[in-house]
Amino acid sequence: MTRGVLVMAYGTPRDLDDVEPYYTDIRRGRPPTPEQLEELTARYAAIGGRSPLLEMTEAQAKGIAERTGVTTFIGQKHAAPFIPDAIAAMAADGVHEAVGLVLAPHFSTMSIGDYERRVEAAGAEAGWAGSVAMVRSWHLEPGYLDFLQGALEDALGRVGGPDGTTVLFTAHSLPRRILEAGDPYPDQLAETSSAVADRCGLSSWQVGWQSAGRTADPWLGPDVLEILEDLASKGARAVVVCPCGFVADHLEVLYDLDIEASARAEELGVAFARTRSPNDDPGFLDALAAVVMRRFEEG
Ligand code: FEC
């Protein structure tokens, strides 16, 4: 049996001209209004014109291949190579047995569940005889928690230590309707946060949400910006944001936290730091490889 690893991530526009087709894909084929397009393009321009997400996804896929000895295939949700491209590449390489790993730790029907549905649809569409065993979440993987602990200790050092500092653990917000069917996403975020808070001996920490979509739906809250205001009104000296729902530098970290949230903290007179992203950290890549090998063993 030839094995493969299907490594999945969100995808990013190649350049500013690619923002429109990318945004249209996210909106399930509905083009954005000129105002929406201008606003998103300005966010990409503010982080230097492009997001490093694809490079980070490639580095993570390479790290997994080096550690597992199994070929990795990148399949993205909203940019090429898309998930069906990866399925076609696996079929062409004679892969029969694959593990599907989404580069996001927490399961929601609208996050990892959505990737899972796309894999099933692409496999059926291609008439591929192979199978993909999905990793459904890996939010308590010890090597990932080790990374977060180290990154948090460093960030706490940058704001003068834990005294008077609140740590805010965040993930991408999702529409509140996910809660109606008992989605595990908020609980899994709380479990990661609590495990890291215990390891670091934190006395002041909370869970929050970031990067909510600009839609009429109610989204999971409170949002990072609201929490900053609340903490400032209660006299907080410093806030460290640990975006543990993400594993790479990209728009939602480099803009929403490093530009937007950090500016709000400055206005509020609160010291602010963000923990570094896992990216291609060797210990983090060991953790991803361990997750993949365990899934192969489970069959
Ligand atoms: O750096 C980059 O270029 C890409 C950054 C990026 C990541 C990311 C991760 C997640 N998203 C999730 C859910 C949603 C839902 C909607 C939505 C919309 C956007 C838009 C941009 C965007 N997302 Fe994203 N997301 C990233 C970027 N996301 C840009 C469109 C403009 C905006 O709303 O800001 C709403 C879609 C809709 O209206 O139907 C829902 C989730 C994740 C984390 C899991 C993962 O990485 O797959 C969940 C990175």
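Counting convention: from 1, in listed order, for ligands and their atoms alike. Just so you know, these numbers use all the heavy atoms, side chains as well, and skip hydrogens, waters and symmetry mates.
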Please tell me if the side chains of Thr192 and Leu145 come closer than 4.5 Å, counting only heavy atoms from C-beta onward.
yes
Beyond-backbone contact of Gln188 with Asp183, side-chain heavy atoms, under 4.5 angstrom:
no
Any residue meeting side-chain contact (heavy atoms from CB on, under 4.5 Å) with Glu66, in chain and number order, not counting sequence neighbours
Lys62
Can you report which non-hydrogen protein atom sits closest to [atom], along with the distance?
{"atom": "atom 38 (O) of ligand 1", "answer": "Thr215 CG2, 3.8 Å"}
{"atom": "atom 44 (C) of ligand 1", "answer": "Ala104 CB, 3.9 Å"}
{"atom": "atom 29 (C) of ligand 1", "answer": "Leu40 CD1, 3.5 Å"}
{"atom": "atom 48 (C) of ligand 1", "answer": "Leu174 CD2, 3.7 Å"}
{"atom": "atom 1 (O) of ligand 1", "answer": "Ser51 OG, 2.6 Å"}

Can you tell whether the side chains of [X] and [Y] come within less than 4.0 Å, N to carboxylate O?
{"X": "Arg294", "Y": "Glu297", "value": "no"}
{"X": "Arg214", "Y": "Glu35", "value": "no"}
{"X": "Asp249", "Y": "Arg274", "value": "yes"}

Check the angle between the aromatic planes of Phe284 and Trp138 and answer parallel, tilted or perpendicular using the 30° and 60° thresholds.
tilted
If the plane angle is over 60° it's perpendicular, under 30° parallel, otherwise tilted; pick one for His139 and His106.
tilted
Can you check whether Leu251 has an N/O within less than 3.5 Å of an N/O in ligand 1?
yes
Check the surroundings of atom CD in Glu38: do more than 12 heavy atoms from other residues, nucleotides or ligands lie under 6.0 Å from it?
no
Out of [options], who is nearest to [atom] when you count heavy atoms only?
{"atom": "atom 39 (O) of ligand 1", "options": "Arg27, Arg28, Met8", "answer": "Arg28"}
{"atom": "atom 3 (O) of ligand 1", "options": "Thr12, Val102, Asp256", "answer": "Thr12"}
{"atom": "atom 4 (C) of ligand 1", "options": "Tyr255, Tyr22, Tyr115", "answer": "Tyr22"}
{"atom": "atom 2 (C) of ligand 1", "options": "Tyr44, Tyr23, Trp219, Phe246", "answer": "Tyr44"}

Below 4.0 Å, non-hydrogen atoms only: which portion of Arg43 touches ligand 1? Side chain, backbone, both or neither.
side chain
With heavy atoms under 4.0 Å as the rule, classify the contact between Leu103 and ligand 1 as side chain, backbone, both or neither.
neither
Mark up the atoms of ligand 1 that fall under 4.0 Å of a heavy atom belonging to [X], in ascending order.
{"X": "Pro13", "answer": "3 (O)"}
{"X": "Gly11", "answer": "4 (C)"}
{"X": "Arg214", "answer": "33 (O), 34 (O)"}

Kindly write out the residues that satisfy side-chain hydrogen bond (donor to acceptor under 3.5 Å, both in side chains) with Arg276, not counting sequence neighbours, or none if the list is empty.
Asp154
Please name the pair of heavy atoms, one in [X] and one in [Y], separated by the smallest distance, quoted to 0.1 Å.
{"X": "Phe296", "Y": "Arg3", "value": "CD2-NE, 3.6 Å"}
{"X": "Ile112", "Y": "Ala104", "value": "CD1-O, 3.3 Å"}
{"X": "Phe169", "Y": "Ala197", "value": "CZ-N, 4.1 Å"}

Validation: residues 227-244 side-chain donor-acceptor distances under 3.5 Å, sequence neighbours left out:
from, atom 1, to, atom 2, distance (Å)
Glu229, OE2, Arg264, NH1, 2.4
Asp230, OD1, Lys234, NZ, 3.3
Asp230, OD2, Lys234, NZ, 2.9
Ser233, OG, Asp230, O, 2.7
Arg237, NE, Asp163, O, 3.1
Arg237, NH1, Val159, O, 2.8
Arg237, NH2, Val159, O, 3.2
Arg237, NH2, Gly161, O, 3.2
Arg237, NH2, Asp163, O, 2.8
Arg237, NH2, Thr165, OG1, 3.0

Decide whether the shortest distance between a heavy atom of Gly245 and an atom of ligand 1 is less than 4.0 Å.
no
Which residues and atoms, counting only protein N, O or S, are under 2.8 Å from atom 24 (Fe) of ligand 1?
Tyr10 OH
